[in-house]
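Taking it in order: structure first as structure tokens, then the write-up.
Quick caveat, the model's predicted, so the values are computed rather than measured. Numbers here are sequence positions counted from 1.
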Amino acid sequence: MPRLIRELPFAEQPRYRLAATGPAALSDAELVAILANLPDLSVAQRLLDHFGNLSKLARADAREIRQHAFGVGPAKAAQLGAAAELARRLVATVEERVQIRSPADAVNMLRVLIGSEPQEHLVVVILDTKNRVLKTHTVYIGNINTSMIRMGEIYREPVRLNAMAIIVAHNHPSQDPSPSPEDILSTKQIVDTGKLLDIDCLDHLIICESRFTSLRERGLGFSH
């Protein structure tokens, strides 16, 4: 049943709630409705239901958005696309101030970038002496055979930036974060190469939308 925003009590309208309680109090549908200036909350909810979550909606192109939400024209689809791109750029800016203290810190930073990607991405988080992020560098995109990873590709950027440590991470589009034998073998190779370069590989993470695996925590590929 349509939920026209103008027909809601004033105190329940998303823009009023945003001003009164702050954005954290709003639902995903309310935020999408504000960003795209939608008159109907059900349209925003329909988009979220179709794509599954905000991350997947943010990666949808304008044509697909318009196909699945009556009332969303080119301008409103463009507004959603612009908001998603701003969010991605904000992550790239903020990450330089992030200090990694645990696997969860790295996962929280990386999940928005690769957690729901339909293709595999292998990234290297490059860290300084205090485990602050210098850069997140994408090494491979596509069908990644971790047993064929070239160590030179992993360490080229960390060496250039005089990094003290790195965290390697890749996503599993299957949403199963279980490491393969090849993942474990490549982890050992990455760790051993880092020792030769005096760059500590702190972890190898496998990241999915709702779960992750730390190979260091599981003792896979790392010396005890």
Smallest heavy-atom separation, Tyr140 atom then Ile149 atom, equals CE1-CG2, 3.9 Å
I'd like to know if Glu12 and Arg17 make a salt bridge, using a cut-off of under 4.0 Å between side-chain N and carboxylate O.
no
I'd like to check Glu157 versus Leu161 (side-chain heavy atoms, cut-off strictly below 4.5 Å). Are they in contact?
yes
Could you walk me through whether Arg101 and Asp105 pass salt bridge (Lys or Arg N to Asp or Glu O under 4.0 Å), step by step?
CA-CA 6 Å; Arg101 297 182 176 89; Asp105 288 341; 5.1 Å; no
For a quick test of reading the model, state the closest non-hydrogen atom pair linking Ala44 to Ala33 and the distance between them.
CB-N, 4.0 Å
Looking only at heavy atoms, what is the nearest atom pair of Ala29 and Leu48, with distance?
N-CD1, 3.5 Å
Is any side-chain heavy atom of Thr138 less than 4.5 Å from a side-chain heavy atom of Leu122?
no
May I ask you to test the Leu215-Ile206 pair for a side-chain heavy-atom distance under 4.5 Å?
yes
Given Leu8 and Gln13, is the side-chain contact (heavy atoms from CB on, under 4.5 Å) satisfied, shown in steps?
CA-CA 6 Å; Leu8 294 173; Gln13 295 181 15; 4.0 Å; yes
Side chain of Gln189, backbone of Met151: donor and acceptor closer than 3.5 Å?
no
Would you check, one step at a time, whether the test side-chain contact (heavy atoms from CB on, under 4.5 Å) holds for Ile100 with Leu127?
CA-CA 8 Å; Ile100 304 299; Leu127 305 170; 3.9 Å; yes
Using only atom types and a distance under 3.5 Å, with no angle test, would you say the side chain of Arg216 pairs donor to acceptor with the backbone of Leu202?
yes
Working to the nearest 0.5 angstrom, can you tell me the gap between Phe212 CZ and Leu110 CG?
11.0 Å
Identify whether Val112 and Val125 are in the same connected component of the hydrophobic contact network (ILVMFWY, side-chain heavy atoms under 4.5 Å).
yes
Roughly how far, to the nearest 0.5 Å, is the SG atom of Cys208 from the CD atom of Gln175?
4.5 Å
Report yes or no: do Ser174 and Asp176 form a side-chain donor-acceptor pair below 3.5 Å?
no
Answer yes or no: is there a donor N or O on one side and an acceptor on the other, between the side chain of Asn131 and the main chain of Gln99, under 3.5 Å?
no
Grouping I, L, V, M, F, W and Y whenever their side-chain heavy atoms are under 4.5 Å apart, do Leu35 and Leu47 come out in a common cluster?
yes
With the side chain counted from C-beta on, respond yes when Pro173 and Glu117 share a heavy-atom pair under 4.5 Å apart, and no when they do not.
no
Do you reckon Met164 sits in the same ILVMFWY cluster as Ile167, going by side-chain contacts under 4.5 Å, direct or chained?
no
Between Val32 and Leu41, is the side-chain contact (heavy atoms from CB on, under 4.5 Å) condition met? List the steps.
CA-CA 9 Å; Val32 169; Leu41 278 177; over 6 Å; no
Under the 3.5 angstrom rule, does the side chain of Arg211 hit a backbone N or O of Pro177 as a donor-acceptor pair?
no
For residues Cys201 and Val168, report the shortest heavy-atom separation together with the two atoms involved.
SG-CG2, 4.4 Å
Can you tell me if Ser186 uses its side chain to pair, donor with acceptor, with the backbone of Asp183 under 3.5 Å?
yes
Rounded to the nearest 0.5 Å, how far does OG of Ser214 lie from CG of Leu205?
5.5 Å
Flag the pair Arg132 / Leu134 as yes when at least one side-chain heavy-atom distance between them is below 4.5 Å, and no otherwise.
no
Do Tyr155 and Ile190 make a side-chain contact, defined as non-hydrogen atoms from C-beta onward lying under 4.5 Å apart?
yes
Can you tell me how far CG of Asn108 sits from OG of Ser102, rounded to the nearest 0.5 angstrom?
7.5 Å
Asp40 side chain to Ile5 backbone, donor-acceptor under 3.5 Å
no
Can you check side-chain contact (heavy atoms from CB on, under 4.5 Å) on His170 and Ile114, steps first, answer last?
CA-CA 8 Å; His170 73 280; Ile114 66 172; 5.6 Å; no
How close do Pro103 and Glu217 get, heavy atom to heavy atom, and via which atoms?
CG-OE2, 3.5 Å
Student check: side-chain heavy atoms of Arg218 and Thr213 closer than 4.5 Å
yes
Are Ile34 and Leu38 connected into the same hydrophobic cluster when the rule is that any two of I, L, V, M, F, W, Y join if their side-chain heavy atoms are below 4.5 Å apart?
no
Are any non-hydrogen side-chain atoms of Ile126 and Thr136 less than 4.5 angstrom apart?
no
Calculate, to the nearest 0.5 Å, the distance between atoms CD1 and CZ belonging to Ile207 and Arg111 respectively.
7.0 Å
Asp198, CG: over 12 other non-hydrogen atoms inside 6.0 angstrom:
no
Same hydrophobic cluster for Val139 and Val159, using side-chain heavy-atom links shorter than 4.5 Å among ILVMFWY?
yes
Output yes when a side-chain donor or acceptor of His137 lies under 3.5 Å from a complementary backbone atom of Lys135, and no otherwise.
no
